Amino acid sequence: MRLFQRFLPRVVFLMGGPGSGKSVLARKSLQCIHVSTGSLLRQVVSQNTHPQASYFAKLMRDGDLVPDQHMMDLLKQHKAFESDKLILLDGFPRTLPQFDMYRQCFGKPLAVIDLQLPRSEMYKRLVSRGRADDLPETIERRLNKYFNEILPDAERIKAECISFDINANASPEVVHANLLQHLAFIEDVATSKSLPLKQTGNYFSPHA
Ligand code: B4P
């Protein structure tokens, strides 16, 4: 916990596999602050602002995750966490240790939103995106890592939080509209004094 932190930040985790559209969605207009750990890392690498920048670049190119402690240290320095606005945290946590470190520092998130997409569609999107880490063999490694390691951890994180699944296998406009609806609902519930926030389970629905 920061020494002089006055309040816990109000955060929604945006989860989903590689290519599920996290960054694309969060680039569209949202009523909250967007923090993407992938973008944060790409910025650190391109501006060489960290002693381990070239190591991070290699990990990302190879389809591996940046070590948990480095990721958490980068996040803790982010100014967004000093704000009382809603924060959409995209791409974090990707492991249980990241979740534990986050909780110790910032408490529980308000909710988790998980973008769900079949593996075959993830592959197609990444191949056509053509980013530096989108080489076919790297994509396979990232998808294997996601389905074998990240997804099981994500399921455990979701089980400990209020969580919502969004079908990401639709047009960006439809997925975006769905995300906005969920964010508005989460904001409403979080600020309402009459609705108690349940700390585990998945039983809230914006359609209820
Ligand atoms: P990220 O930047 O998070 O990238 P991503 O998971 O590959 O994809 P994203 O879901 O953002 O896909 P996009 O919107 O671009 O991570 C990059 C790397 O950073 C990781 O591999 C890792 O090495 C490192 N990293 C990040 N966070 C970390 C953490 N917490 N711990 C350790 N390491 C971490 O969409 C992909 C493509 O699909 C685009 O071309 C887009 O146009 C298309 N698309 C999106 N939505 C669509 C839709 N609805 N319909 C059709 N196409 C769509």
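Note that the coordinates shown come from a computational prediction; the quantities given were computed from them, not determined experimentally. Every number for a ligand or one of its atoms is a count from 1 in the order of the listing.
- When only modelled atom types and interatomic distance are considered, Asp100 and Gln104 share no side-chain donor-acceptor pair under 3.5 Å.
- Using bins of under 30°, 30° to 60° and over 60° for the plane-to-plane angle, the ring pair Phe81/His78 lands in the perpendicular bin.
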Salt bridge (Lys or Arg N to Asp or Glu O under 4.0 Å) between Glu121 and Arg125, worked out = CA-CA 6 Å; Glu121 187 59 31; Arg125 287 185 186 182; 3.5 Å; yes
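- Not a single heavy atom of Gly130 lies less than 4.0 angstrom from ligand 1.
- Heavy atoms of Ala170 found under 4.0 angstrom from ligand 1 belong exclusively to the backbone.
- Within the structure, the closest approach of Ser171 to ligand 1 falls below 4.0 Å when heavy atoms are considered.
- Nearest residue to atom 8 (O) of ligand 1 from Ala57, Gly91, Pro93, Gly19 is Gly19 (criterion: closest heavy atom).
- Considering both main-chain and side-chain atoms, Leu126 never comes within under 3.5 Å of ligand 1 through any nitrogen or oxygen pair.
- Heavy-atom contacts of Gln98 reach the following atoms of ligand 1: 29 (C), 30 (N), 31 (N), 32 (C) (cutoff under 4.0 Å).
- Less than 4.0 angstrom separates some heavy atom of Asp64 from each of these atoms of ligand 1: 22 (C), 23 (O).
- Remark: ligand 1 and Asp133 share no N or O pair separated by less than 3.5 Å (distance only, no angle test).
- Close contacts between ligand 1 and Gly17 involve ligand atoms 10 (O) [criterion: under 4.0 Å to a heavy atom].
- Polar contact with ligand 1: absent for Val175 (N/O pair, distance under 3.5 Å).
- Note: no N/O pair closer than 3.5 Å links Leu65 and ligand 1 by distance alone.
- Counting non-hydrogen atoms of other residues, nucleotides and ligands closer than 6.0 Å to NZ of Lys28 gives a total above 12.
- On a distance-only criterion, Asp90 and ligand 1 share no N/O pair closer than 3.5 Å.
- In summary, the atoms of ligand 1 found under 4.0 Å from a heavy atom of Ser20, numbered by their order in the structure, are 10 (O).
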request  = Could you please spell out the steps behind the salt bridge (Lys or Arg N to Asp or Glu O under 4.0 Å) verdict for Lys79 and Glu82?
outcome  = CA-CA 6 Å; Lys79 281 203 168 4; Glu82 290 163 18; 5.3 Å; no
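- Counting heavy atoms under 4.0 Å from ligand 1, residue Leu41 touches it through the side chain alone.
- Each of the atoms 2 (O), 17 (C) of ligand 1 lies under 4.0 Å from some heavy atom of Arg42.
- Using a 4.0 Å cut-off between heavy atoms, Lys22 contacts ligand 1 through both its backbone and its side chain.
- Taking only nitrogen or oxygen atoms, main chain and side chain alike, Arg142 reaches within less than 3.5 Å of ligand 1.
- Residue Gly21 has at least one N or O atom closer than 3.5 Å to an N or O atom of ligand 1.
- Residue-ligand proximity, Arg131 to ligand 1, at heavy-atom distances under 4.0 Å covers atoms 2 (O), 4 (O), 7 (O), 17 (C).
- Comparing Arg94, Arg129, Arg61 against atom 1 (P) of ligand 1, the shortest heavy-atom distance belongs to Arg94.
- Below 4.0 Å from some heavy atom of Thr37 lie the following atoms of ligand 1, by number and element: 26 (C), 27 (N), 28 (C), 30 (N).
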